[in-house]
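Data first, discussion second: the structure below is written as structure tokens.
Just so it is clear, the model here is predicted, and its values are computed rather than measured. Numbers for residues simply follow the sequence, beginning at 1.
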Amino acid sequence: MASSSSSRLLAAAVLAALFAGAMCAVKVAFTVEKGSGAKKLVLKIDYARPGDILAEVELRQHGSEEWQPLTKKGDFWEVSCSKDLVGPFNFRFMSKNGMRNVFDEVFSTDFKIRKTYAPEE
């Protein structure tokens, strides 16, 4: 009987944790800025988490296992490559407060300048 009660408690705890995680979903949006092209991305990243800011952002191109760091320049994040970029693009970040997240296939190679892309939830 104790085993059944423990299983129910564990299931309730797991459901509560999943619900809490869903309620804390990170809102992020990527705006492709002027200067972006076939070999370079310049992004304004809007990260909405009160009291926290982005510390690191990385890009993984389609078909690659390698993550490339973006460099922060003022309000923008940039990455340049010697070859043409291959989308759709995946982004991984870490915030100053330790929040980590990965957003897959946010936008493709045929991006538009000044357009904002938001990951699907």
Practice problem: Give me the ring orientation class for F89 and F107: parallel if the planes are under 30° apart, tilted from 30 to 60°, perpendicular past 60°. | Solution: perpendicular
Self-check item: Stepwise side chain to side chain contact (heavy atoms under 4.5 Å, CB included) check, W77 with T71
Solution: CA-CA 5 Å; W77 291 87; T71 304; over 6 Å; no
Quiz item: How many angstroms lie between OH in Y117 and CG in L43, if you round to the nearest 0.5 Å?
Solution: 10.5 Å
Quiz item: Taking only residues two or more places apart in sequence, or in another chain, which ones meet R100 in a salt bridge (charged side-chain N to carboxylate O under 4.0 Å, His left out)?
Solution: none
Practice problem: Can you sort out the partners of D104 under salt bridge (charged side-chain N to carboxylate O under 4.0 Å, His left out), two or more places apart, ordered by chain and number? | Solution: R60
Quiz prompt | Pairs satisfying salt bridge (Lys or Arg N to Asp or Glu O under 4.0 Å), at least one member in residues 28-41, at least two apart | solution = E33-R114, K40-E78
Practice problem: Taking side chain to side chain donor-acceptor pair (under 3.5 Å) as the test, write out the residues that go with E105, two or more places apart. | Solution: none
Quiz prompt | Minimum heavy-atom distance between F111 and G37, given as atom pair plus value | solution = CZ-O, 3.5 Å
Quiz item: Considering residues at least two apart in sequence or located in another chain, which fulfil the side chain to side chain donor-acceptor pair (under 3.5 Å) criterion with T116?
Solution: T31
Practice problem: Taking all heavy atoms of N97 and all of G51, pick out the closest pair and write down the distance. | Solution: ND2-O, 3.1 Å
Quiz item: Among all residues two or more places apart in sequence or in another chain, which pass the side chain to side chain contact (heavy atoms under 4.5 Å, CB included) test with K96?
Solution: D52, I53, A55
Self-check item: Residues that D75 engages under side chain to side chain donor-acceptor pair (under 3.5 Å), provided they are two or more places apart
Solution: none
Quiz item: Do M94 and V79 sit in the same hydrophobic cluster, where Ile, Leu, Val, Met, Phe, Trp and Tyr count as joined when their side-chain heavy atoms come under 4.5 Å apart?
Solution: no
Quiz item: For E58, what residues pass the salt bridge (charged side-chain N to carboxylate O under 4.0 Å, His left out) criterion, not counting sequence neighbours?
Solution: R92
Practice problem: Each residue besides V102 in its hydrophobic cluster should be listed here, by chain and number; the cluster joins Ile, Leu, Val, Met, Phe, Trp and Tyr at side-chain heavy-atom distances under 4.5 Å. | Solution: W67
Quiz item: What residues join V42 in its hydrophobic cluster, counting side-chain heavy atom gaps under 4.5 Å, either direct or through other members?
Solution: F76
Quiz prompt | Point-to-point distance, once rounded to the nearest 0.5 Å, from CG of N90 to CD of Q61 | solution = 10.0 Å
Practice problem: Could you check if a side-chain atom of S64 sits within less than 4.5 angstrom of a side-chain atom of V86, using non-hydrogen atoms only? | Solution: no
Quiz item: Would a 4.5 Å heavy-atom cut-off, applied to side chains only, mark T109 and L85 as touching?
Solution: no
Practice problem: Could you walk me through whether K115 and V32 pass side chain to side chain contact (heavy atoms under 4.5 Å, CB included), step by step? | Solution: CA-CA 6 Å; K115 179 166 179 166; V32 179; 5.8 Å; no
Exercise. Please round to the nearest 0.5 Å and tell me the distance separating atom CZ of R49 and atom CG of L54.
Key: 11.5 Å
Self-check item: Any residue meeting salt bridge (charged side-chain N to carboxylate O under 4.0 Å, His left out) with K83, in chain and number order, not counting sequence neighbours
Solution: none
Exercise. State which residues pass side chain to side chain donor-acceptor pair (under 3.5 Å) with S108; sequence neighbours excluded, sorted by chain then number.
Key: D110
Quiz item: How many angstroms lie between CG in L70 and CZ in F93, if you round to the nearest 0.5 Å?
Solution: 13.0 Å
